[in-house]
Amino acid sequence: MRFSKFYCPTLKEDPAEAEVISHKLLIRAGLIRKLSSGIYSFLPLGFKCLSKVIKIVREEMDRAGALEVMLPVVQPAELWQESGRWDFYGKELLRFKDRNNRDFCIGPTHEEVITDLIRHEVKSYKQLPLNLYQIHTKFRDEMRPRFGLMRCREFIMKDAYSFDRDNEGAEKSYMQMYDVYHRIFKRIGLKYRAVEADTGQIGGSFSHEFMVLADTGEDTIVVCESCEYASNLEKAEVVSSYKLDTTQSEKCANLQEVYTPQKHTVAEVSEFLGVDKTKIVKTLLYVADGKYVAFVIPGDRDLNEAKARSSLKINDLRMANFEEVKEITGCDVGYAGPVSLNVDAIYVDKLLLGKKDLICGANKTDYHFRHLDIERDVSVTDYIDLVNVLEQDPCPRCGARLKFLKGIEVGHVFKLGEKYSRAMNAKFIDSDGKEKYFVMGCYGIGVTRIISAAIEQNYDENGIIFPPSIAPFEVAILSLDIKNQEVMKLSEDFYNYLTDKGIDVLWDDRDERPGFKFKDIDLMGIPIQVVIGKKGLDEGIVEFKNRKTKEVVKIPISEFEEKILEFRENVWKEWGLF
RNA sequence: CGGGAAGUGGCGCAGUCUGGUAGCGCACCUGCCUUGGGAGCAGGGGGUCGCAGGUUCAAAUCCUGUCUUCCCGACCA
């Protein structure tokens, strides 16, 4: 592509609306433009990059034997009512009516549609296993779209759905996709981790997320310093043998009221009474599917609502408001405690199992209790894992220390089991002649989000540094003196040579000053720059520059053809690509 | 949905407090000049200041309402 014929509006200044680096650079380098909150147009450069990502994803999915399909964006409400998600999915599901007043939605995901398709088409175990995928537009009406392509409302997703005759087959399909995802993210050149994850709204029995490591990531991931354990914070198990720093006495003294005026928070009580936060218990009051419940957790920990939701099978969970807290405790907010509490259930974190001599709210304004013995004083409904792990906690696998990293979720694999096939009555005839439900899995990749994530991980003060595998152009030829015929002739020869090799080249043949061209090409993140100028020609050389390492080599013109391929190979190797 | 900020040529901003009919930089067009890290000079085009209503002789500026965007939180494959 000749730059003089290309359309790529670059900006010198950061757009006011962008906060994170990838968002700024995507706009500045001319890849995307915003149409509305969370809705973006892809300009030619952005579309080229997107196409490269899609190509890799498609090649790897095809290699694994998955079959590409294309499912409708507009979906009838009936399917969603059948699966139960029409009411459950919430406002993220964009709904509308057609001219006949029928309810529809724009697909945020396609489990319903694919299950409906398969239940009508696949009748025999002989047709299984089957894995169908598509790469196209999803719409989720996010409460708060943000960070450019990171959290859009409209975005491109690769979603795949596997159908197996039994659990064993389903796990095989799952592991196959797990392996495919590793291949995909390696080929793209991302630094990432696969972590154990919560299943959320999609549901199902277990899942892994693929997280690109970046400080701006929205998710916290927990990794072990010693073994391979890695998990989303939402899912990470707290080892229940973890010892609270509590002095355990054989006998615990009786509960004793203590005056704690105006001390509502754990920090305040801890300071006022001069005791460690770990000796204080927090009692958090929630409304879970219409019932009052209390969660009792160590004072130094945070409640993990995802864990509470999934282990108690709660659909709707929210904190009790001030009025409700007063109704439950009979006192002001800040003095709730688990003793004689007027709730439907009291769930105590496993870490508190058997703990004595703790401090808790007394359900009386300005008072706390000393000498709380959980077993003696609390009517515990159940002990469950309710809190987030902390850094330095022991690894649930090997006991070594855990540490936190920030990650951007770019892929997610779920083992769904029979969740959707049962809900939608999708069955086949197995070899024993009996009807059975399909055992399903689903597998998503945020294709557009990958572009953001790649930039968050690879940039410098001059702009984007694209991995060569997804760079919109792999090589840029910068002709510095376009009025010099020798420069232009050589540039054209190089351009034709590289293009004939199937390499995507941007030839900057614009009538601009050299500095202007350098700035543009750097900003756009093109991995290899070939600089051809009068100055170099006088010495009989051209220059190759590696965008990532800034390394520049001078190559005699006669050796260009062999050297460029060698240089290119080295660039790919540096990225760990092949 | 709660809290905060902001809407002025394509982009980035000033002007608003203290009303008097819109300005700067970049970009764009023309010409000259320049050419190894976003050059310079000269000339030029483009906006009735998010929208609606109100106050006033007069509103970008004051008042009311509304829409949009961004940030924090809640939420979230």
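Every chain is numbered from 1, with letters handed out A, B, ... down the list of sequences. When reading the values below, keep in mind they use all heavy atoms of this one structure, side chains included, and skip hydrogens, waters and symmetry mates. In this text, all values refer to a predicted model and were calculated from it rather than measured experimentally.
Base engagement by A:Met157 is indicated by at least one non-hydrogen atom pair under 4.0 Å involving a base atom.
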Check: protein-nucleotides 25-28 of chain B nitrogen or oxygen pairs below 3.5 Å:
{"residue": "B:G25", "atom": "N2", "partner": "A:Glu13", "partner atom": "OE1", "Å": "3.2"}
{"residue": "B:C26", "atom": "O3'", "partner": "A:Lys12", "partner atom": "NZ", "Å": "3.4"}
{"residue": "B:A27", "atom": "OP1", "partner": "A:Lys12", "partner atom": "NZ", "Å": "3.4"}

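Base pairing analysis places B:A5 opposite B:U69; the two distances defining the Watson-Crick or G-U wobble pair are each below 3.5 Å.
Contact annotation: A:Arg513 does not reach the phosphate of B:U34 (side-chain N/O to OP1 or OP2, under 4.0 Å). Phosphate contact (OP1/OP2 of B:G38, side-chain N/O of A:Thr10, threshold under 4.0 Å): absent. In terms of phosphate contacts, A:Ser36 brings a side-chain nitrogen or oxygen within less than 4.0 Å of OP1 or OP2 of B:U69.
Using C1' as the reference atom, B:A14 and B:A60 are 12 Å apart when rounded to the nearest Å. Taking atom P on both B:G47 and B:C41, the two are 26 Å apart, rounded to the nearest angstrom. Taking the P atoms as reference points, B:G7 lies 12 Å from B:U61, given to the whole Å. Remark: the separation of the C1' atoms in B:G20 and B:C62 is 14 Å, to the nearest Å.
Formation of a donor-acceptor pair under 3.5 Å by the A:Arg193 side chain with backbone atoms of A:Val212 is not found in this model.
Under the salt bridge (Lys or Arg N to Asp or Glu O under 4.0 Å) criterion, A:Asp511 pairs with A:Lys483, not counting sequence neighbours.
Between A:Tyr174 and A:Phe206, the two ring planes are perpendicular [angle over 60°; tilted spans 30° to 60°].
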